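Worksheet: the structure to be examined is printed underneath.
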Amino acid sequence: MTKILVLYYSLHGNTRQLARHIGRGIEQITDCEAVLRTVADISTITTIASTSQPATASDPIVSHDDLKQCAAMAMGSPVRFGNMAAPLKHFLDTTSGEWLSGTLISKPACVFTSSSSLHGGQETTLQSMMLPLLHHGMLIVGIPYSEPLLHTTRHGGTPYGASHVNNGTNKQLHPDEIALAQAIGRRLATIACKLSG
């Protein structure tokens, strides 16, 4: 099985919903397995990582072994002032060992996000998550405009990655957002399989 890590942080569950649908897209590709992982929360008082999961977490906390064992990675975070959330950034800051050893070099990766407004910083958040992945030598995968929904959606979904807009009334993912999340999952898995031979 080709293991594809779906790594995310989700405070209210919206980013986790996207992670689940990306995982479903991954598993639509023969012999591919989505491995869903979250990151530990960070204490707001001490800013030291705790061992506790976020309140909405239902997946295991990521380990450095997960990075070694994956053939590809999808990474997601809610928007935090146009950037990724601190718990995800904190975990990435602990991956110097993987950077030095080249663990992630030439593995494909994609990113995904959710926000509470349409122009709430989704694209900058997606781009901010790409930066450490590029430093790790990963190959960034987006959503191509050959996906018809990318031309017509009035909800989430960008060429930079899957996304969800939660404006308070549509907490559930829109069918367009689900379809685009699954599409990027399939694309990531297909590329991972081709690269792994």
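If you're wondering where the values come from, they're calculated on a predicted model, not measured in any experiment.
For S163, the side chain to side chain contact (heavy atoms under 4.5 Å, CB included) partners two or more places apart in sequence, or in a different chain, are T113, Q122, T158. Looking at residues two or more places apart in sequence or on another chain, you find no side-chain hydrogen bond (donor to acceptor under 3.5 Å, both in side chains) involving S106.
Taken together through direct or relayed side-chain contacts under 4.5 Å among Ile, Leu, Val, Met, Phe, Trp and Tyr, V79 and V39 form parts of separate hydrophobic clusters. By the rule that hydrophobic residues join a cluster once side-chain heavy atoms approach within less than 4.5 Å of another member, L67 and L134 end up as members of one cluster. By the rule that hydrophobic residues join a cluster once side-chain heavy atoms approach within less than 4.5 Å of another member, L5 and I140 end up as members of one cluster.
Once rounded to the nearest 0.5 Å, the distance linking CD of E98 with CG of D66 reads 10.5 Å. Once rounded to the nearest 0.5 Å, the distance linking CG of L104 with SG of C70 reads 6.0 Å. To the nearest 0.5 Å, the span separating CZ on F112 from CE on M129 amounts to 7.5 Å. Separation of atoms SG (C193) and CD1 (I4) is listed at 6.0 Å; rounding is to 0.5 Å. Of the inter-residue distances, the one linking K89 atom NZ with I42 atom CD1 reads 10.0 Å to the nearest 0.5 angstrom. Annotation: the span from T103 atom OG1 to Q69 atom CD amounts to 11.0 Å, rounded to 0.5 Å.
The minimum heavy-atom distance between A179 and L149, with the atom names listed, is CB-CD1, 3.4 Å. The two residues G161 and I143 come nearest to each other via the heavy atoms C-CD1, 3.8 Å. The nearest pair of heavy atoms linking T153 to L150 is CG2-O, 4.3 Å. Scanning both residues, A162 and A181, for their nearest heavy atoms gives CB-CA, 3.8 Å. For the pair L195 and P108, the tightest heavy-atom approach, listed with the atom from each and the gap, is CD1-CD, 3.7 Å. The two residues Y160 and Q127 make their nearest non-hydrogen contact at CE2-NE2, 3.6 Å.
At distances below 3.5 Å, at least one donor-acceptor pair connects side-chain atoms of H151 with backbone N or O atoms of Y145. Using modelled atom types, one side-chain atom of T95 and one backbone atom of L92 make a donor-acceptor pair closer than 3.5 Å. The main-chain N or O of Y8 is found under 3.5 Å from a side-chain atom of T38 such that the two form a donor-acceptor pair. Between the side chain of R187 and the backbone N or O of G142 there is at least one donor-acceptor pair closer than 3.5 Å. When atom types are taken as modelled, the side chain of K107 and the backbone of H136 share no donor-acceptor pair closer than 3.5 angstrom.
Residues R80 and L11 are in side-chain contact: their nearest non-hydrogen atoms beyond the backbone lie under 4.5 Å apart. Two residues are said to be in side-chain contact when any heavy atoms from C-beta on lie closer than 4.5 Å; S101 and K68 fail this criterion. Considering only heavy atoms from C-beta on, I191 stays 4.5 Å or farther from L139 through its side chain. Proximity of P132 to M84: side-chain heavy atoms (C-beta onward) are separated by under 4.5 Å at one or more points. Looking only at side-chain heavy atoms (C-beta outward), L88 and L7 come within less than 4.5 Å of each other. Put simply, the side chain of M130 does not reach to within 4.5 Å of the side chain of M138, judged on heavy atoms. Side-chain contact check for T15 versus Y9: every heavy-atom pair is 4.5 Å or farther apart. Within the 4.5 Å cutoff, the side chain of T125 has no heavy atoms near those of the S115 side chain.
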Can you list the steps and then say if M73 with L133 is a side-chain contact (heavy atoms from CB on, under 4.5 Å)?
CA-CA 9 Å; M73 179 169 57; L133 303 181; 3.5 Å; yes

Let me see the working for S114 and N14 under side-chain hydrogen bond (donor to acceptor under 3.5 Å, both in side chains), right down to the final yes or no.
CA-CA 6 Å; S114 62; N14 299 308; 5.0 Å; no

Starting from the C-alpha separation in whole Å, work towards a yes-or-no answer on side-chain contact (heavy atoms from CB on, under 4.5 Å) for E147 and I184.
CA-CA 10 Å; E147 288 293 332; I184 202 169; over 6 Å; no

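Using a 30° and 60° split on the angle between ring planes, H64 and F91 fall in the tilted class, from 30° to 60°.
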Solution key, residues 20-34 side-chain donor-acceptor pairs under 3.5 Å, sequence neighbours excluded:
| residue | atom | partner | partner atom | Å |
| --- | --- | --- | --- | --- |
| R20 | NH1 | D59 | OD2 | 2.7 |
| R20 | NH2 | S58 | OG | 2.7 |
| R20 | NH2 | D59 | OD2 | 3.2 |
| H21 | ND1 | R24 | NH1 | 3.3 |
| H21 | ND1 | Q182 | NE2 | 3.2 |
| E27 | OE2 | A34 | N | 3.0 |
| Q28 | OE1 | R186 | NH1 | 2.9 |
| Q28 | NE2 | Q182 | OE1 | 3.3 |

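Side chain to side chain, H155 and E177 fail the donor-acceptor criterion of an N or O pair below 3.5 Å.
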